[in-house]
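Note that the structure is predicted; figures quoted are calculated from it, not measured. In what follows, residues are counted from 1 in the order of the sequence shown. Atoms within each ligand, like the ligands themselves, are counted from 1 in listed order.
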Amino acid sequence: MLLKDLLNGWMQKSFLTAYPELDVSGVLVFATSNAEFGDYQCNNAMALAKELRKAPRMISQGVVDVIELPDYVEKVEVAGPGFINIYVKTDWLSDYILDISKDEKFKTPQLGEGKTVILDYSSPNVAKPMHIGHIRSTIIGNALDRLHRFVGYDVIADNHIGDWGTQFGIIIMGYKNFLDEKALEENPIEELERLYVKSYGKTKDDEEWLNQCRAELVKLQNGDEENLAMWKKFVALSLSEFDRVYKRLDIEFDQMRGESYYNPMLKDVLGLMDEKGITSISEGATVVEFPEEEKLPLCIVRKTDGASNYATTDIATVKTRVEEFHPEKIIYVTDERQQLHFKQFFRICEMIGIEADLVHVWFGLMRLPEATFSTREGNVIKLEKLLDEAESRTYDIVKTNSSMSEEAMREVAKVVGIGAVKYADLSQNPQSLVTFTWEKALALDGNSGPYLQYAYARIASVLDKYAEAYPENNLDDFELNLESPVERALAMKLARFSDAVCLATATYKPNVIADYIYELSQMYSTFYQTLPFLKAEDGVRESRLKLCRIVASVLKAGLKLLGIGTLDRI
Ligand code: ARG
């Protein structure tokens with residue numbers, strides 16, 4: 001059982017012994033951030049003062065008077081206005097972390113066991129440039145994917161590609177009028193993007209052009225052979241580019257059902273909405289209106305020209321997913337600008353009786369200062385170029401500091417460069433406004449991906465040095481003694497890894513893991529700087545290296561949850 005659960009159960013029992021009439025289900029302990037106040041603290045007495053008609057300190061004292069200390073608790077104290085401070089036994093703690101470190105998942109509770117979650121993320125649009133929102137969706141979505149798998153969910157990662165919609169009218173017009181055959185052969189995606197951007201630009205001030213784009217779209221939707229063939233070509237070209245990027249990012253989807261997949265289901269879904277009596281006609285379009293007190297604007301589900309739209313497709317998608325996979329939850333990851341869309345279609349699903357827990361995880365758009373990307377145009381930066389730049393900048397840094405072989409340097413540039421981009425994104429609260437800079441992303445001495453990868457490599461090298469110096473020793477044969485407060489604090493931090501995983505998963509915030517591993521690596525640094533390792537006396541040395549080894553494995557696991565790789569040498 002996990003330490004925190006043990007403590008919660010024991011505290012509840014103790015409150016019950018002292019106050020038999022009390023509902024103790026809300027009695028919980030919290031990790032302290034300062035060891036002076038013990039390892040965990042219970043502050044329920046404060047909230048119970050009214051109910052029990054007693055001062056909080058007296059309430060806590062009443063609990064402490066009857067408390068029986070289990071074998072893992074050293075002592076308890078009443079402190080401050082009425083906290084109960086709990087001190088865990090150090091010997092017990094060392095056995096505990098040895099025990100959890102034997103488990104690949106560090107005994108993280110398998111909260112998702114037997115449950116399916118569908119994660120809808122990345123979802124770029126065909127023949128349209130991926131913008132910063134898609135990049136963040138890809139990186140954040142993948143971290144949530146890894147977190148959910150880690151706590152035991154059956155995850156279906158579904159890339160809901162935008163392969164159907166108004167952009168195809170625009171791109172078809174661009175293709176028919178401005179195609180540069182040679183450019184298409186040499187770099188198909190760039191050429192498609194150029195055609196899209198050029199044609200899109202024209203729709204802004206040329207009404208006739210806009211109408212022609214619409215007409216091409218209708219032709220496509222009605223199955224016109226020429227347009228359909230063009231569409232297939234665009235989809236294939238885009239998918240092959242997306243795949244290349246996903247490979248570089250070490251991201252795999254379980255399915256890639258684009259919007260077009262749901263085309264055949266749209267009619268039924270519209271029928272169902274009519275049947276449930278929730279649709280009405282407004283200015284020629286079919287719309288769903290919501291009760292006034294919900295303050296949601298009406299949602300168009302069929303346009304004046306009869307075509308379905310983004311909302312209709314999403315409703316059909318939910319219906320299909322629920323019927324086919326019976327998920328406990330469907331999680332969508334997009335930028336903040338789509339909040340209204342999700343609120344509306346989630347509500348419509350409810351109105352037509354589709355039962356599913358639907359969650360929209362939104363994030364702010366990361367700011368990109370003008371000078372950040374050499375390849376930037378407007379809000380559009382190309383993910384591939386961004387990754388190239390990350391790798392080449394890292395390569396330059398490595399080259400000036402390293403004597404590695406060319407091949408090894410390239411490998412470091414790849415793992416560290418890509419890791420830096422991912423970490424710069426994932427270390428922020430997704431919903432706060434952040435600015436990306438290369439200085440911060442690639443910093444070797446701050447809260448960055450490279451810093452953590454470097455911390456990992458340093459531990460790996462200490463372990464290597466030990467193995468070289470004492471080839472006959474096996475660390476498993478030695479004891480772990482948490483002698484100094486620094487070692488003990490580090491061990492306590494390790495004991496809390498699974499708490500961070502559960503919290504990050506439950507709140508959809510990968511930055512909880514980033515914070516955790518950053519703090520862990522800082523504590524390790526203190527440990528490393530204040531205590532002798534290889535020069536320590538026999539037994540003490542081995543104990544410290546054992547602790548190192550656990551830190552390394554937790555660091556590696558934490559980075560892996562963020563989709564970031566580790567190297568033994570940097
Ligand atoms: N393709 C959409 C866009 O680029 C994102 C799709 C998100 N997923 C969904 N089921 N709506 O804006």
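A heavy-atom distance below 4.5 Å is not found between the side chains of Ser123 and Tyr332.
Checking Gln255 against Asp158 by side-chain atom types alone, a donor-acceptor pair falls below 3.5 Å.
Annotation: salt bridge (charged side-chain N to carboxylate O under 4.0 Å, His left out) contacts of Glu241 (sequence neighbours excluded): none.
Partner of His160 under the ring-ring contact (aromatic ring centres under 6.0 Å, His included) criterion, out of Tyr261, Tyr262, Phe253, Tyr121: Tyr262 alone.
Centroid-to-centroid, the aromatic rings of Phe345 and Tyr310 stay 6.0 Å apart or farther.
Atom NZ of Lys440 sits in a sparse spot, with 12 or fewer heavy atoms from other residues, nucleotides or ligands closer than 6.0 Å.
Within 4.0 Å of ligand 1, heavy atoms belong to protein residues Asp120, Ser123, Asn125, His134, His160, Tyr310, Asp314, Tyr332, Thr334, Gln338, Phe342.
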